[in-house]
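All residue numbers in this chain count up from 1 along the given sequence.
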Amino acid sequence: MVAILGYSRPQILAAVQEMYTAVADSPASPFHFPVGSEASRRLGYPPERLAALPSEICDAFAGVGYPFRAEAIRRGDRVLDIGAGAGGDALIARQLAGPQGRVIALDLTAAMTRRLQQATERHGIEGLAVVQGSAEQLPLPDASIDSITSNGALNLVPDKRRAVKEMFRVLKPHGRVQLADVVIHRPVSVDCHEDPRLWVECVVGATVKEELLALFEEAGFEDISVVDSHDYFALSPSPQTREIAASFGAHSVEIGMRRGATSPAWTQRWRRRLDPRRWLRLWYRRGLFGMLALILALLSCYGTLALVVLLPLLGIHLALDEGLWAGAIATLALVTLASVAAGMRRHRTPWPTLVGAVGSLLILHALFVDYSMAQELSGFVLLAAAVAWDLRQRRRHEANVLGVKDSEEKKRDLGRA
């Protein structure tokens, strides 16, 4: 999840810190995401919990859900709040952990940790340590934490796999995790990941839900469950942010889990990582399923034909059921067409589907009516053009939606200047 071209990881982190410094210093200012006690109330925080918090803590709330629904914190726990922000969740965790418990509130942004430290001193809050640090390198010893809570932090971390491994490292065996975070229905393209301004939109740094759960499972977490989900971006005051979120199917989820007794062996981690079902889902999410089906159709057609021609030269004779062969090619061609047609829901352009339909008809005619290699090849060329056109339209639509928000940001920057 790290930008690999154009912008460096430090630039992305700097953009995130700049945004949340603004939240810490001026929480009443307008932001593209919901901020404050009203946002926390609408996300499900019980009024009695909010009433017990200092007003300056509630005013700078910038979470995306109510992670406490997962009920990970026990009396006497040593709790780590990752991405603690203004500290509302850390203080609630302090209440749940009780007098014998202890909470470490960790945040990357100096302004946020300073705001929380001042609030704890002003209100005489004990049992709460405020630490500035990164989720990718937690400043804690191994197996030193009983439970972890986090709210809207992981989607802003460039290296999520490393952050998840760090959570596993600092937790005690069978330690518990509760978190709320932003997830998306389909991945964001690489060129969007490269713009640090877009990371603070919360959408660009987010992960497909199934991939996020797989990251935790791969690291050795067990009993992973999605407790609840919210249309978090419906609370955004920005129409552009709501449009961007809708285009990616972005929403927030609340997840609970526990750490396994031991870290999985590297073979087990890689087996999970290379699970073909995971890759098929990823190709589908990225809009590449049509390309995969087209490649398989070409291999089924011309790869099999090559085997039929070449194997007899080696003394191997292949008995081929031509009906099954043609059926397999036709099925894969139609799956390709269906994937292209599905792209219309996003970019609203019918032409790739029409071109793909003509190509598919040519292939079907050649297979089942009157075979002509020229006609078959023409069909595959048209089908390939349809797949490429569809991918281009999907990426253009994605860039246009994000470009609207980028233009608004530039206008606001000019206005402030």
Side-chain angles (χ1 to χ4, degrees), residues 185-187 189-190 208 210-211 214 218 267-347 349-396 398:
H185 178 69
R186 64 183 183 86
S189 61
V190 172
V208 173
E210 291 81 3
E211 286 298 300
E218 179 187 307
T267 52
Q268 189 176 7
R269 290 197 302 270
W270 276 101
R271 179 170 55 80
R272 290 172 177 169
R273 199 176 300 180
L274 298 175
D275 187 336
R277 294 171 298 180
R278 183 174 174 179
W279 287 99
L280 284 172
R281 286 196 300 267
L282 187 60
W283 275 60
Y284 175 76
R285 300 283 191 184
R286 289 189 180 277
L288 299 175
F289 198 74
M291 181 183 293
L292 177 62
L294 177 64
I295 291 170
L296 292 175
L298 288 168
L299 288 174
S300 179
C301 182
Y302 299 111
T304 304
L305 183 61
L307 288 175
V308 169
V309 172
L310 295 175
L311 286 179
L313 299 178
L314 301 175
I316 302 172
H317 296 279
L318 181 66
L320 185 65
D321 187 318
E322 293 187 1
L324 287 176
W325 182 23
I329 298 168
T331 299
L332 290 167
L334 291 174
V335 170
T336 305
L337 176 61
S339 179
V340 172
M344 278 199 300
R345 292 181 301 174
R346 187 164 296 122
H347 53 66
T349 305
W351 298 112
T353 302
L354 292 175
V355 171
V358 173
S360 298
L361 287 173
L362 289 174
I363 294 169
L364 293 175
H365 186 272
L367 289 173
F368 299 112
V369 180
D370 184 18
Y371 182 75
S372 165
M373 179 170 282
Q375 186 181 92
E376 184 182 70
L377 281 171
S378 298
F380 275 117
V381 168
L382 288 174
L383 200 55
V387 169
W389 197 349
D390 174 58
L391 285 174
R392 180 178 175 81
Q393 290 300 120
R394 289 175 188 244
R395 299 299 176 257
R396 179 176 292 176
E398 182 178 298

Distance-only donor-acceptor hits, side chain of residues 291-315, under 3.5 Å, sequence neighbours excluded:
residue : atom : partner : partner atom : Å
Tyr302  : OH   : Glu376  : OE1          : 2.9
Thr304  : OG1  : Ser300  : O            : 2.7

Applied to residues 351-365, the side-chain hydrogen bond (donor to acceptor under 3.5 Å, both in side chains) test, sequence neighbours excluded, yields His365-Gln375

Residues passing the side chain to side chain donor-acceptor pair (under 3.5 Å) test with Gln268, sequence neighbours excluded, are none

Contacts satisfying ring-ring contact (aromatic ring centres under 6.0 Å, His included) that involve residues 323-342 (not counting sequence neighbours) are none

Sequence neighbours excluded, the answer for side chain to side chain contact (heavy atoms under 4.5 Å, CB included) partners of Ala330 is Leu364, Leu367, Phe368

Interatomic distance, CG@Leu332 vs CD1@Ile363, rounded to 0.5 Å, equals 10.5 Å

Quick note, salt bridge (Lys or Arg N to Asp or Glu O under 4.0 Å) partners involving residues 300-322, not counting sequence neighbours, are none

Compile the donor-acceptor pairs under 3.5 Å between side chains in residues 378-392 and protein atoms, sequence neighbours left out, one pair per line.
residue : atom : partner : partner atom : Å
Ser378  : OG   : Ala374  : O            : 2.8
Asp390  : OD1  : His347  : NE2          : 2.8
Asp390  : OD1  : Arg394  : NE           : 3.4
Asp390  : OD2  : Arg394  : NE           : 2.8
Asp390  : OD2  : Arg394  : NH2          : 3.4

Contacts of Glu211 meeting side chain to side chain donor-acceptor pair (under 3.5 Å) (sequence neighbours excluded), chain-then-number -> Arg278

Side chain to side chain contact (heavy atoms under 4.5 Å, CB included) filter on Ala357, not counting sequence neighbours, yields Leu337

